[in-house]
Amino acid sequence: MMDPLKRKFQEKASALTTEMKAMLKEHGGTKVGEVSLKQVYGGARGVKMMVWETSALDAVEGIRFRGYSIPQLREKLPRINGSTEPMPEGLFWLMLVDEIPTEEDIAWLSKEWARRADVPDVTFKVLDALPADTHPMTQFSMAIVSMQGDSVFSKRYAEGMSKKDYWDATYEDAMNLIARLPRIAAYIYRRTYHNGEHIAPDPNLDWAANYAHMLGISNPDFLNLMRLYTTIHADHEGGNASAHTAHLVNSTLSDPYMSYAGGMNSLAGPLHGLANQEVIKWIFNMVEQLGTRTPSKEQIAQYVQDTLAAGRVIPGYGHAVLRQPDPRFTAQKVFAEEYIKDDDIVNVVWKIFDVVPPILQSLGKVKNPWPNVDAHSGALLVHYGLKEYGYYTVLFGVSRALGVLAAMCWSRAMGMPLERPKSVTSEWVKEFLAKEA
Ligand code: HAX
């Protein structure tokens with residue numbers, strides 16, 4: 001029998017697929033934008049070329065998940081187990097079926113993920129075979145790929161699955177994969193930084209709280225931070241590098257394990273998810289260099305100028321789409337204001353927020369001088385004792401699974417084809433321009 005979330009998804013997906021087919025039949029020739037040479041050479045900024053149902057990003061307002069902003073999620077998503085923050089279970093439900101779940105729904109989903117959470121032995125063996133100083137993102141990517149043999153999609157495809165059933169197998173893989181990630185991610189943390197002293201999962205805890213528990217941090221405020229963290233990092237429309245990579249790989253009908261791992265390899269770059277590691281490394285380096293954990297704004301400004309003069313970017317600042325402070329930055333600031341009183345590193349983050357934007361603006365080329373999500377997350381983690389910044393992108397990656405895997409269910413349900421845009425050579429561009437002239 002179909003579980004309640006899967007049944008709901010099937011109803012919604014089949015209705016939207018029918019609507020999409022009718023829309024394309026009538027308006028398939030309608031132009032939705034023009035591409036300039038600057039966009040062709042400039043990383044396709046702003047080019048509309050895919051559909052992503054689970055969230056949408058506005059340059060000024062920031063992210064909306066199925067139409068809801070982060071403050072609205074805080075208000076509307078139900079909470080269980082004494083949580084004071086929105087919970088990832090609720091966001092996944094909302095992204096997948098476009099409905100705010102009830103408390104009962106998320107209690108069911110939490111239990112369902114706990115039920116599916118067993119990690120195959122081979123994954124632990126693969127991790128144990130790696131040198132302990134292997135970067136946590138490398139370990140994470142390898143751990144995900146090591147589970148690929150369990151893919152329901154791959155198995156059913158090999159058995160001759162009909163196109164009509166792709167969504168069903170994708171849903172099964174998505175649910176299993178999400179369920180398993182906290183265990184794997186916590187295992188990587190404990191083997192890398194805590195002599196392999198692992199903590200058994202607690203199936204009575206919700207998804208994010210169990211992850212916090214297995215990391216070994218029991219402060220109840222940290223459980224709430226993890227619920228918030230894994231909610232706000234989950235999705236950022238489809239054009240960002242990790243989501244787009246996962247989407248591209250999945251469009252070849254590579255299974256959700258391979259596709260999500262591809263997305264994680266993309267998240268591991270310093271211009272994207274690795275920026276959360278880079279931010280705190282940069283701040284730690286600053287306080288060490290200055291010999292104080294309470295630097296003045298003038299000292300910070302000089303350090304920023306030195307970073308720029310060395311030909312480096314200021315991590316945690318700037319964005320390819322946003323043109324205002326990232327609401328995910330603001331949500332973390334609000335959390336810190338509420339839960340954390342007078343923490344040196346948090347205070348440094350806030351001072352940097354005052355200092356950096358005018359400096360970046362003065363360069364005259366930076367399109368968005370404001371902080372992004374990564375500018376704040378590290379300081380919160382340091383506060384609760386998670387100081388090993390090499391690990392931070394794994395936390396981001398665990399959360400990002402929720403968005404990219406929900407979106408994969410939609411892509412397969414709507415029968416999205418192989419993604420295959422067109423490239424040109426510079427020779428072609430020159431000839432094209434000559435002809436235009
Ligand atoms: N510090 C210094 N220079 C910056 C900058 C920053 N934070 N942000 C942009 N610039 C520079 C660019 O390097 C580029 O310089 P060149 O012309 O010399 O190459 C110029 O300003 C124009 O860039 P842009 O159009 O404003 O920005 P892009 O869309 O090209 O890039 C980035 C967006 C996020 C990659 C960029 O702002 C950056 O490198 N930021 C720092 C790294 C970072 O925080 N990344 C995380 C982003 C959010 C995310 O994905 N999280 O996971």
Side-chain angles (χ1 to χ4, degrees), residues 36 38-47 52 55 57-60 62-63 70 137 140 229-246 263-283 286 300-301 303-332 349 352-381 389 391-404:
S36 67
K38 205 161 80 181
Q39 289 170 306
V40 173
Y41 273 95
R45 292 291 180 286
V47 178
W52 193 265
S55 69
L57 183 59
D58 179 83
V60 176
I63 191 65
I70 291 173
M137 277 307 277
F140 191 49
Y229 186 108
T230 51
T231 298
I232 63 177
H233 285 77
D235 207 31
H236 216 224
E237 71 155 49
N240 70 80
S242 53
H244 186 198
T245 308
M264 290 304 95
N265 294 344
S266 174
L267 192 73
L271 296 188
H272 191 19
L274 203 81
N276 61 6
Q277 141 181 334
E278 295 300 296
V279 166
I280 218 73
K281 186 172 159 193
W282 182 76
I283 291 176
M286 166 166 60
I300 294 174
Y303 182 72
V304 169
Q305 295 289 7
D306 292 347
T307 303
L308 293 171
R312 295 167 54 197
V313 294
I314 306 304
Y317 281 75
H319 201 274
V321 179
L322 287 170
R323 296 296 176 255
Q324 284 289 318
D326 190 335
R328 300 171 300 173
F329 174 88
T330 312
Q332 295 178 89
V349 165
I352 293 171
F353 181 30
D354 287 337
V355 170
V356 166
I359 298 180
L360 288 183
Q361 245 151 0
S362 73
L363 299 179
K365 64 173 184 178
V366 181
K367 294 192 194 67
N368 177 42
W370 301 108
N372 57 56
V373 64
D374 300 313
H376 211 309
S377 53
L380 300 178
L381 299 169
Y389 52 74
Y391 183 74
Y392 289 177
T393 312
V394 175
L395 287 159
F396 192 155
V398 169
S399 168
R400 186 49 53 103
L402 303 173
V404 303

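Each ligand, and each atom within it, is numbered from 1 in the order the structure gives. Treat the numbers as computed from the prediction; the structure is a model and nothing was measured.
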Nearest heavy-atom contact between Val404 and Ala243 is CG1-CA, 3.6 Å
In this structure, atom 29 (O) of ligand 1 is nearest to the protein heavy atom Arg45 NE, 3.0 Å
Ligand 1 to Gly273, heavy atom cutoff 4.0 Å, flagged ligand atoms 52 (O)
Q. Given the protein's heavy atoms, is any one of them under 4.0 Å from atom 46 (C) of ligand 1?
A. yes
Look at ligand 1 and say whether Asn240 reaches it with a heavy atom at a distance under 4.0 Å.
no
The closest protein heavy-atom partner of atom 41 (C) of ligand 1 is Tyr317 O, 3.2 Å
Protein non-hydrogen atom found under 4.0 Å from atom 9 (C) of ligand 1: yes
Of Ser377, Ala375, Gly46, Ala320, the residue with the heavy atom nearest atom 33 (C) of ligand 1 is Ala320
In ligand 1, the atoms that come under 4.0 Å of a heavy atom of Leu308 are 2 (C)
heavy-atom search around atom 13 (O) of ligand 1 in the protein gives Val313 CG1, 4.1 Å
The residue among Asp235, Asn240, Thr393 that forms side-chain hydrogen bond (donor to acceptor under 3.5 Å, both in side chains) with Arg400 is Asn240
Looking at atom 19 (O) of ligand 1, tell me if a protein heavy atom falls under 4.0 Å from it. no
Phe396 heavy atoms within 4.0 Å reach ligand 1 at atoms 52 (O)
Practice prompt. Check whether any N or O atom of Lys365, backbone or side chain, sits under 3.5 Å from an N or O atom of ligand 1, and answer yes or no.
Written response: yes
Quick note on ligand 1: atoms under 4.0 Å from a heavy atom of Leu360 include exactly 1 (N), 2 (C)
If the plane angle is over 60° it's perpendicular, under 30° parallel, otherwise tilted; pick one for His272 and Phe396.
perpendicular
**Prompt:** Hey, is atom 27 (O) of ligand 1 under 4.0 Å from any protein heavy atom?
**Reply:** no
Specify whether Tyr229 and His233 have parallel, tilted or perpendicular ring planes, treating 30° as the upper limit for parallel and 60° as the lower limit for perpendicular. parallel
